[in-house]
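Worksheet: one structure, shown below.
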Amino acid sequence: MSDCLFCKFVSGEFATTKVFENDDFIIIRDINPQAANHFLAIPKKHYKLLADMTEEDSLTLGRILKTIPTLEDLLGLNGGYRLVINQGDDAGQTVHHLHIHILSGQKMGWNPAG
Ligand code: AMP
Ligand code: ZN
């Protein structure tokens with residue numbers, strides 16, 4: 001997608017610090033952290049919603065979910081962590097390229113309405 005911020009991070013057209021990268025996805029720090037550590041896991045392929053995933057995309061997402069806990073030290077996951085995937089307007093999704101928020105490094109309350 002030519003006008004997608006996260007596609008530009010993936011391609012390198014916009015500079016960002018990738019704390020991790022493999023064939024499936026990149027991880028960057030969120031610019032507006034909502035926890036002591038706040039990362040974004042961004043699949044390299046552009047799609048907006050879980051509902052838009054192909055079978056292959058779902059396998060990729062599965063691999064991403066399996067990889068995140070292997071990055072315990074890098075992402076500060078040892079005390080526990082939270083993953084969030086906002087979907088659509090009511091959830092407050094602002095970047096229309098599927099991404100997983102990774103929140104860690106502190107005790108978190110439960111405020112789903114944020
Ligand atoms: P969402 O609201 O789920 O779509 O999440 C989008 C996230 O992208 C928000 O948490 C923003 O803070 C984050 N974000 C927006 N622009 C940037 C940027 N340039 N670099 C890093 N994170 C960003
Ligand atoms: Zn994109």
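Computed from heavy atoms alone, side chains included, the values below leave out hydrogens, waters and symmetry copies. Both counts, for ligands and for their atoms, begin at 1 and track the order of listing. Predicted model only: the values in this text are computed from it and were never measured.
Nearest approach of D23 to K44, heavy atoms of both residues: O-CD, 3.5 Å. Of all the heavy atoms in A15 and F9, the pair that sits closest is O-CE2, 3.8 Å. F39 and L74 make their closest contact through CZ-O, 4.0 Å (heavy atoms, listed as atom of the first residue, atom of the second, distance). The heavy-atom pair separating A36 from Q106 by the smallest distance is N-OE1, 2.9 Å. Across D57 and D52, no two heavy atoms sit closer than the pair OD2-O, 4.2 Å.
Taking a 6.0 Å sphere around CG of N78, one finds it holds more than 12 heavy atoms contributed by other residues, nucleotides or ligands.
Ring centers of H101 and H99: under 6.0 Å apart, within the cut-off.
Rounding to 10°, one obtains 110° for the angle at the Zn ion (ligand 2) between ND1 (H97) and ND1 (H46).
Among the atoms of C7, an N, O or S atom is found under 2.8 Å from the Zn ion (ligand 2).
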As a test of reading the model: which N/O atoms of the protein lie under 3.5 Å from N/O atoms of ligand 1, and at what distance?
residue	atom	partner	partner atom	Å
ligand 1	2 (O)	G92	O	3.1
ligand 1	2 (O)	T94	N	3.4
ligand 1	2 (O)	T94	OG1	3.1
ligand 1	3 (O)	N86	ND2	2.8
ligand 1	3 (O)	H99	NE2	2.9
ligand 1	3 (O)	H101	NE2	2.8
ligand 1	4 (O)	T94	N	2.7
ligand 1	4 (O)	T94	OG1	3.2
ligand 1	4 (O)	V95	N	2.9
ligand 1	4 (O)	H99	NE2	3.1
ligand 1	5 (O)	H99	NE2	2.9
ligand 1	5 (O)	H101	NE2	3.3
ligand 1	10 (O)	D30	OD1	3.3
ligand 1	10 (O)	D30	OD2	2.5
ligand 1	12 (O)	D30	OD1	2.5
ligand 1	22 (N)	I31	N	3.2

